[in-house]
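Accompanying notes for the structure given below.
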Amino acid sequence: MKLWRVDSFFIITSVLLILCNTFSAFSQTKIQTSLSQNKLDSLAQYYDLSKKDSLSISERLQHVSSYLKGILLSQQDSLIYNGLMQKTWLLGRSRQYDSAIVYTHQLYDIAKQNQDTMYIVNALNKLGIYYKNNNQLTEAFNHYNKAFKILRIHKDTLRAGRILLSMSNIQTYLGDYSGSKTTAIDAVKYLERTSDLRSLSGLYHIISVANREQKNYAEAFKYNEQALTLGKDSMSAKTIGVKNILIFKNTKALILANQSYYKQAIAILEKLVTDPVVQQDKREYARVLDNLGYIQWLQNKDNRSSEKLLLSALEIRKETNDIGGLIASYIDLTKYYFIKDKTKALEYAEEAYQNAKKRHSLISILKVLGFIFELREATNEEAKEFKEIHNELEEANQSNREIYAVTRYENDKLTNENLILKAETARKERQQVIYLFSTLFIFLIGGVVFYLYRQRLRREKIREVYNAEARISKKLHDELANDVYQVMMQMQNDQNDPGVLDKLEEIYNTTRDISREHNSFKTGEEYATELNGMLSSYSTNGTKIIIKDIDDINWQAINPEKKIIVHRTLQELMVNMKKHSYAELVAITFKKTSKGIVITYADTGVGVAAEEIIYSNGLQNTENRIKTIGGSFIFDSEKGKGFKAKINFPN
């Protein structure tokens, strides 16, 4: 017995090892398949065939199933996404909603595993659609809500608004008009600044219908008008859809009829019933016919055309198998025959009841059971069902309200947090602006102070130079010239040495010239006179000085520093002329312009070469002086052609 146990253990172990090796080999084969380009190309052909409109839905489903069977081994998520998206779409087209839901859940699981937000939202949106079409409205609402929460976080306002539109449609279908109105109003906030007029007009329509059902006709009419206004021009109407605009007009007629404005309502419906677009759409045509017949009957209970219109609408709806339309027709015929023929009324009520059950339209079932209670005597079973349906409907609406209530609370919380964040950001931005302007202001004030300080130093420097020159002039005149003169007086005693006397006289004259070059002058009202006198003093028998328009300048408006610079500059030019030019004629012209003062100097002397001007210390100093007052000093001279200079400086 022990040996059997050991052998058994050995056999089991061996089998497990073989299975592991087989699994390993399978895994390797899987990896090789994922790397085979030929296999991928072959699978791609199946995918392309699944998209061919010329093939039937069943054929296309076979091709996409073959594609998925192979592509799942490739482990390439993008290709798997494509296959699952296509298969779920085809299943939805063929109304195989249970299968569509299964494969969409598979898509969702893969997307969630990969944390792929786009495909997570796509899968949730698809689940909402398929659950809704499968009459699993609470499940549909829940999945739409999950998609909305993700889109809200990612601030995708367009898709978030569209998801809320789908959610409010479900609430309307369940008769939760208060909830649908709340959801739709929230959706408007997301879409009102977008270009999606189709969805926005749909939201206005839902709000209008909800208000109409709640007998709030003024608000119903207002939102109906807003929906119609969005499509008033041809381009907008094309965007929204002509059929949708006709639906809005049909709703407008119902709102008017609810307020007993039968004439206006009938006028709208009579116009719609002749519209080519309405006539081409049998479902919409039947809707308009039914509403027209019913409202004509409300206006006049003896109207003979009402019954014909109601029955015509019923036949069209039977022909098109429009279950929702049939329920509406049977209910309207129940009301029409309720007084005239209770037997017929009950027949139509029971037909409405059967179709409502077929569609699982809870709100319609409750409405029809209400008529049956009044028309039939034995209604115990119906009463029991009424209670069950009523409870189911209440539970569904309550569940939807609770689902969205939490989301709405989170949304409000997130909005408040965003507002707080925006306020904080705005405060920080204001602080940054204040800091920036404060810094700029400080730099500006600093720049102005620095500029004024430099100007002050410059003026002080000019004044110091001027004062120094005045002191030198006085010293040369009072000390050196007098000393030399005393020597001359002493030498007069020795009449035998005239050369000494001549030399001393030359020293004296030179000293007097230096004094004249650096003597002080007034910068006040007498400035023009002193400047004119200085220039004229260089006139001799061999040199004629012409001074033009010196009195045209408003010297009082020019600050003293500039006057000193001008005086010294012109004096330098006159000294150079006297020493080097040997000019017979000198012309100095003063002119006032919009930009400042222009002084032109010209002489007929021997002139000077350009290179000599560059290396002339006197003229370089003159140029530097002019630059200190923001001016310019321009030379123009050639050998044998005289000397010209132009001085510019701001006034």
Side-chain angles (χ1 to χ4, degrees), residues 125 128-145 147-148 160-191 198-217 219-224 226-228 240-241 243-255 258 283-284 287 291 322-325 327-328 331 352 355-356 359-368 389-390 392-405 407-408:
N125 186 46
I129 294 169
Y130 300 142
Y131 274 122
K132 180 186 175 185
N133 292 340
N134 211 33
N135 281 319
Q136 294 172 267
L137 300 180
T138 302
E139 284 293 326
F141 191 89
N142 189 31
H143 284 89
Y144 278 137
N145 185 66
F148 167 70
R162 289 172 179 172
I163 290 290
L164 287 177
L165 171 60
S166 299
M167 292 167 67
S168 61
N169 268 322
I170 290 174
Q171 289 171 300
T172 300
Y173 185 79
L174 290 170
D176 182 11
Y177 300 112
S178 178
S180 70
K181 186 163 64 174
T182 299
T183 307
I185 289 171
D186 287 344
V188 167
K189 296 172 186 175
Y190 285 94
L191 294 178
R198 188 184 187 90
S199 297
L200 186 60
S201 63
L203 289 167
Y204 287 144
H205 178 64
I206 287 172
I207 298 169
S208 175
V209 170
N211 278 304
R212 173 177 168 260
E213 293 292 339
Q214 293 174 326
K215 296 181 171 44
N216 190 355
Y217 300 122
E219 285 295 298
F221 192 82
K222 183 182 82 172
Y223 281 98
N224 178 262
Q226 284 184 279
L228 287 168
I240 293 170
K243 181 180 174 182
N244 288 331
I245 292 172
L246 295 173
I247 291 171
F248 302 158
K249 289 180 178 179
N250 186 77
T251 302
K252 182 177 182 178
L254 295 177
I255 295 168
N258 288 139
R283 291 195 175 198
E284 194 58 35
R287 188 207 305 267
N291 287 335
D322 180 6
I323 304 299
I327 295 169
I331 289 174
N355 279 277
R359 199 183 185 201
H360 196 65
S361 176
L362 302 181
I363 193 72
S364 297
I365 291 172
L366 291 181
K367 187 182 288 186
V368 173
I389 294 292
H390 184 271
E392 184 181 349
L393 188 62
E394 281 298 309
E395 286 174 9
N397 286 332
Q398 184 62 29
S399 174
N400 290 341
R401 289 192 202 103
E402 288 175 359
I403 288 169
Y404 188 59
T407 303
R408 204 157 183 261

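Because the structure is predicted, anything quoted here is derived from the model rather than measured.
In terms of the side chain to side chain contact (heavy atoms under 4.5 Å, CB included) criterion, residue partners of A220 (sequence neighbours excluded) are, by chain and number, S208, N211, R212, I255. For N169, there are no side-chain hydrogen bond (donor to acceptor under 3.5 Å, both in side chains) partners two or more places apart in sequence or in a different chain. Remark: E213 pairs with no residue by the side-chain hydrogen bond (donor to acceptor under 3.5 Å, both in side chains) rule, at least two apart or across chains. Applying the side-chain hydrogen bond (donor to acceptor under 3.5 Å, both in side chains) criterion to S201, with sequence neighbours excluded, gives no partner residue. With sequence neighbours left out, R283 forms a salt bridge (Lys or Arg N to Asp or Glu O under 4.0 Å) with D322. Under the side chain to side chain contact (heavy atoms under 4.5 Å, CB included) criterion, R198 pairs with D196, N244, not counting sequence neighbours. With sequence neighbours left out, A160 forms a side chain to side chain contact (heavy atoms under 4.5 Å, CB included) with F148, L151, Y190. Residues meeting the side chain to side chain contact (heavy atoms under 4.5 Å, CB included) test with N134, sequence neighbours left out: Y97, D98, I101, Q136. Listed by chain and residue number, nothing satisfies the salt bridge (Lys or Arg N to Asp or Glu O under 4.0 Å) test with K249 (two or more places apart in sequence, or in another chain). Taking Y131 as the reference, H143 meet the ring pair (Phe, Tyr, Trp, His ring centres under 6.0 Å) condition, with sequence neighbours excluded. Under the side-chain hydrogen bond (donor to acceptor under 3.5 Å, both in side chains) criterion, N125 pairs with no residue, sequence neighbours left out.
For the atom pair CG of D186 and CG of L191, the computed distance is 11.5 Å after rounding to the nearest 0.5 Å. Within the model, atoms CD1 of I327 and CD1 of I363 stand 11.5 Å from one another, a figure rounded to the nearest 0.5 Å. One finds the OG atom of S168 at 11.0 Å from the CD1 atom of I163 (value rounded to the nearest 0.5 Å). Between atom CG of residue L137 and atom CE of residue M167 there is a gap of 13.0 Å, rounded to the nearest 0.5 Å. Rounding to the nearest 0.5 angstrom, the gap separating the CG atom in N216 from the CD1 atom in I207 is 12.0 Å.
I240 has its side chain within reach of I245: a pair of non-hydrogen atoms, C-beta onward, lies under 4.5 Å apart.
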For this session: Apply side chain to side chain contact (heavy atoms under 4.5 Å, CB included) to S364 and R359, showing your working.
Result: CA-CA 9 Å; S364 297; R359 199 183 185 201; over 6 Å; no
For this session: Give the C-alpha distance, both sets of side-chain angles, the deciding distance and a yes or no for side chain to side chain contact (heavy atoms under 4.5 Å, CB included) between Y223 and I206.
Result: CA-CA 9 Å; Y223 281 98; I206 287 172; over 6 Å; no
For this session: Could you walk me through whether S178 and D176 pass the side chain to side chain contact (heavy atoms under 4.5 Å, CB included) test, one step at a time?
Result: CA-CA 6 Å; S178 178; D176 182 11; 4.3 Å; yes
For this session: Starting from the C-alpha separation in whole Å, work towards a yes-or-no answer on side chain to side chain contact (heavy atoms under 4.5 Å, CB included) for T172 and Y177.
Result: CA-CA 6 Å; T172 300; Y177 300 112; 4.1 Å; yes
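Under the 3.5 Å distance criterion, with hydrogens and angles disregarded, a donor-acceptor pair is assigned to the side chains of K181 and Q214.
Checked against L203 for a side chain to side chain contact (heavy atoms under 4.5 Å, CB included), the options L164, L165, I185 give a single hit: L165.
Checked by atom type and distance alone, the side chain of T183 never pairs as donor or acceptor with a backbone atom of S180 at under 3.5 Å. Formation of a donor-acceptor pair under 3.5 Å by the N258 side chain with backbone atoms of K215 is not found in this model. The closest donor-acceptor contact from the side chain of Y173 to the backbone of K132 lies at 3.5 Å or more, if one exists at all.
Across every non-hydrogen atom of F248 and L228, the tightest pair is CB-CD2, 3.6 Å.
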